[in-house]
4 protein chains.
Amino acid sequence: MTTNDEGARQPARKIRADAQRNEQALLAAAASVFVTSGVEAPVRDIAAAAGVGMGTIYRHFPTRADLVVAVYRHQVEACAEVGPVLLAKSGSPHAALSQWVNLFVDFLVTKHGLAAVLQPGSAGFDALHAYFLDRLVPVCAQLLAAAAQAGEISDDMDAYELMRGIGNLCIGADNDPRYDARRMVKLLIAGLLQVRST
Amino acid sequence: MTTNDEGARQPARKIRADAQRNEQALLAAAASVFVTSGVEAPVRDIAAAAGVGMGTIYRHFPTRADLVVAVYRHQVEACAEVGPVLLAKSGSPHAALSQWVNLFVDFLVTKHGLAAVLQPGSAGFDALHAYFLDRLVPVCAQLLAAAAQAGEISDDMDAYELMRGIGNLCIGADNDPRYDARRMVKLLIAGLLQVRST
Amino acid sequence: MTTNDEGARQPARKIRADAQRNEQALLAAAASVFVTSGVEAPVRDIAAAAGVGMGTIYRHFPTRADLVVAVYRHQVEACAEVGPVLLAKSGSPHAALSQWVNLFVDFLVTKHGLAAVLQPGSAGFDALHAYFLDRLVPVCAQLLAAAAQAGEISDDMDAYELMRGIGNLCIGADNDPRYDARRMVKLLIAGLLQVRST
Amino acid sequence: MTTNDEGARQPARKIRADAQRNEQALLAAAASVFVTSGVEAPVRDIAAAAGVGMGTIYRHFPTRADLVVAVYRHQVEACAEVGPVLLAKSGSPHAALSQWVNLFVDFLVTKHGLAAVLQPGSAGFDALHAYFLDRLVPVCAQLLAAAAQAGEISDDMDAYELMRGIGNLCIGADNDPRYDARRMVKLLIAGLLQVRST
DNA sequence: GATGAATGAGTCTTCATTCAT
DNA sequence: CATGAATGAAGACTCATTCAT
């Protein structure tokens with residue numbers, strides 16, 4: 001969008017350049033810092049990693065939640081979009097749900113500390129919590145509904161609650177080699193089938 | 001105020017009594033503060049509630065984990081002890097497991113913030129983590145083994161992992177009316193039956 | 001100079017017009033922001049209100065004092081000019097002084113925070129201080145001299161000092177319903193008569 | 001072990017000593033810093049001047065207003081108490097008022113920046129404002145009433161308003177050699193006599 | 001000429017932990 | 001033994017001013 005001028009415009013050192021590029025650098029740096037120090041890493045650290053002043057971060061992302069959301073937006077969107085696809089491709093809605101949940105878990109467990117702040121009330125992260133829920137709960141609800149429709153599971157499972165449970169199971173999954181969130185989530189999803197007839 | 005008599009000095013038992021009384025007051029006060037402010041409540045608050053100096057807390061409980069463990073020791077012990085009892089009383093080991101787990105969950109969800117610091121690596125809470133695990137994982141393992149023996153569940157379920165999963169499901173269960181940890185844990189335990197034949 | 005049209009190049013008047021329009025917008029916007037946020041309002045806010053960049057403000061008004069002076073210049077000028085008029089119209093120089101002072105006070109108390117930065121040494125407002133004084137002290141001096149001449153007041157009253165006192169009395173006069181700067185100033189001016197014979 | 005062993009141990013350098021002594025040092029240091037940097041001086045500066053950590057300041061004086069009040073309490077109290085004395089000793093209530101006001105002004109003008117934060121609404125100084133008013137307005141009211149009773153002045157002068165006016169006149173009185181707050185206040189008080197018959 | 005992105009110093013405040021008394 | 005005063009690191013946030021585009 002800002003490209004294709006006939007002239008040969010070099011990227012202009014570290015300058016303000018396109019603020020867009022700066023924002024990208026910020027996002028990349030934040031993502032990087034997040035994996036090592038968690039999403040609660042000091043603003044100064046993130047700024048340093050991105051090679052910008054702290055003010056720049058506040059300009060682009062007024063609250064920390066804004067930054068976190070921005071960092072993970074693509075992946076969350078992708079996750080949200082793949083739900084219906086899986087449902088369409090799979091003969092069993094419950095299997096589709098299972099696969100979808102696995103993708104979500106794979107995403108979550110690799111994001112140091114993310115699951116922990118997904119809790120409602122994580123001071124300053126409400127927007128983050130809200131975003132994840134707004135985006136993913138409906139997808140989950142759709143899969144759940146389909147499975148219930150197919151008679152695979154009970155129809156009284158609340159999508160929000162299930163997502164919260166899954167998120168919780170992912171907390172601290174990294175840095176504990178003895179704990180495999182994926183296995184636990186699998187168990188949880190399997191439980192849906194079992195409880196069906198209850 | 002501590003001694004005073006120029007005469008007979010008992011073998012330092014009087015002092016011990018003081019110390020013990022102090023420790024009891026501390027435990028009670030800590031328990032009380034924990035329910036309102038969580039287990040991460042400022043040391044000063046706890047000291048104030050107990051009517052002692054902060055130094056006294058450090059003397060009796062060098063690390064915060066020590067204090068937390070002391071506060072909940074009775075309940076954890078009781079929980080550990082009831083495991084075998086349930087197993088003996090119940091015809092189905094899985095049912096016993098389920099009941100036992102429910103007791104654990106009931107304990108955990110009423111302890112504001114406790115589940116959250118049960119994670120390994122919760123700065124300063126390692127001893128807490130260790131205690132809970134040392135005490136409860138074996139019980140869980142016993143129940144699990146019995147259920148596996150009875151053919152109710154697969155025999156490859158790791159007790160540590162299951163306990164971690166259960167603990168995780170309890171995080172933030174208070175202060176979120178839309179989330180019922182008990183339901184999720186029930187699902188998880190039910191999943192054990194389902195996965196059996198896998 | 002930065003233009004490019006192959007056609008008639010006006011003597012750079014078009015640009016001037018732009019700049020002038022900008023300056024007017026700036027003045028209006030600043031005045032508006034000043035009443036709500038005081039004369040110490042963030043530069044960014046003023047720029048935003050004017051719909052221009054911050055750089056534009058700095059170009060037109062290198063220091064904040066320059067901007068403030070520009071915003072109130074018309075009113076200050078009017079105030080300065082009305083002094084002699086009042087003196088000519090009024091039989092009593094002291095009465096003229098009193099009326100003139102009232103006009104000044106009316107101006108000041110409606111300018112949120114202005115009186116406060118009229119102090120000498122209000123970091124960055126020296127030019128403001130200087131302007132007000134340069135413009136108004138002579139007028140005040142003239143009125144004072146006339147009153148002294150008429151024997152209404154002592155002749156040792158310093159105009160600068162009186163203006164400072166009046167300005168001070170106006171500080172914080174808004175946002176305190178229990179304080180009426182006009183009354184206090186009236187008292188001060190009345191005092192001039194009293195001290196006469198001292 | 002830390003006490004007077006045979007070695008030459010000086011009085012234990014900066015120790016905690018009596019907290020009282022510490023508080024005194026704090027008060028002295030604060031007073032000193034206030035005169036050079038104003039009452040809004042950075043907490044760190046005050047702490048440094050007192051040779052204590054910042055936490056110590058917060059312990060003794062939770063809010064800045066608390067510190068400021070403590071620093072000036074003695075003088076304010078003395079001022080409050082001398083009011084009735086002056087009234088008793090002086091034949092003219094107005095003269096007593098004048099003397100009392102002079103004492104107040106002498107106090108205020110030597111306290112760099114104090115008058116400025118005496119304004120209501122000086123973020124974080126409300127307690128300060130309240131203290132000064134609570135303590136001094138009644139005294140002023142008493143003197144005012146006596147003067148009105150004696151027929152020296154009108155009886156509609158509000159003590160709060162007058163004190164505010166006096167306080168305002170003292171703003172910035174230091175650091176401006178051309179401005180003498182005492183003279184202005186004298187004028188103001190003189191005005192009371194003049195306005196009497198209005 | 002105008003724009004507005006970037007910088008980064010400067011402050012406040014909390015709390016775990018130590019240690020003089 | 002108990003007390004609680006003192007320490008000081010740590011981290012968030014604002015905003016004036018510059019300067020590349």
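Computed from heavy atoms alone, side chains included, the values below leave out hydrogens, waters and symmetry copies. Below, chains carry the letters A, B, ... as their sequence lines are ordered, and counting in each starts from 1.
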- Item | Contact under 4.0 Å: D:H60 side-chain N or O vs F:dA6 OP1/OP2 | yes
- Item | For atom CG of D:L26 and atom C1' of F:dA5, their distance in whole Å | 12 Å
- Item | Rounded distance in Å - CZ (D:R64) to C1' (E:dT13) | 12 Å
- Query: Please give, in whole Å, the distance from F:dC1 P to B:I57 CD1?
  - Reply: 17 Å
- Item | Counterpart base for E:dA9, defined by Watson-Crick or G-U wobble contacts under 3.5 Å | F:dT14
- Task: Hey, which sits more toward the 5' end of DNA chain F by its nearest nucleotide, A:A41 or A:G55?
- Result: A:A41
- Note on the structure: Closest heavy-atom pair, B:D45 versus B:V33, reported as atoms and distance to 0.1 Å, is O-CG2, 4.2 Å
- Query: Does a side-chain N or O from A:N22 land closer than 4.0 Å to OP1 or OP2 of E:dA6, or not?
  - Reply: yes
- Protein-nucleotide distance (D:Y58, atom OH; F:dA9, atom P), rounded to Å: 16 Å
- Item | Rounded distance in Å - CG (C:D45) to P (F:dA16) | 9 Å
- Task: Using Watson-Crick or G-U wobble geometry with both distances below 3.5 Å, tell me the partner of F:dT21, or none.
- Result: E:dA2
- Task: Would you mind reading off the distance between A:F61 atom CZ and E:dA6 atom P, rounded to a whole angstrom?
- Result: 10 Å
- d(CD, A:E40; P, F:dA12) in whole Å: 10 Å
- In whole angstroms, the gap separating C1' of E:dG8 from CD1 of A:I46 amounts to 17 Å
- Give a yes/no on whether any side-chain N or O of C:T56 is located under 4.0 angstrom from OP1 or OP2 of E:dT3. yes
- How do B:M54 and A:G53 order along DNA chain E: which one's closest nucleotide is nearer the 5' end? A:G53
- When rounded to the nearest 0.5 angstrom, what is the spacing between CG in B:L114 and CG in B:D174? 10.5 Å
- Query: Hey, does the side chain of C:S122 reach the backbone of C:F125 with a donor-acceptor pair shorter than 3.5 angstrom?
  - Reply: no
- Query: Relative to the 5' end of DNA chain E, which residue comes earlier, D:P62 or A:R59, by the nucleotide with the nearest heavy atom?
  - Reply: A:R59
- Would you give the length of the straight line joining atom CG of C:L26 to atom CZ of C:F61, rounded to the nearest 0.5 angstrom? 5.5 Å
- Query: Quick one: does A:R59's side chain have a donor or acceptor within less than 3.5 Å of a partner on A:M54's backbone?
  - Reply: no
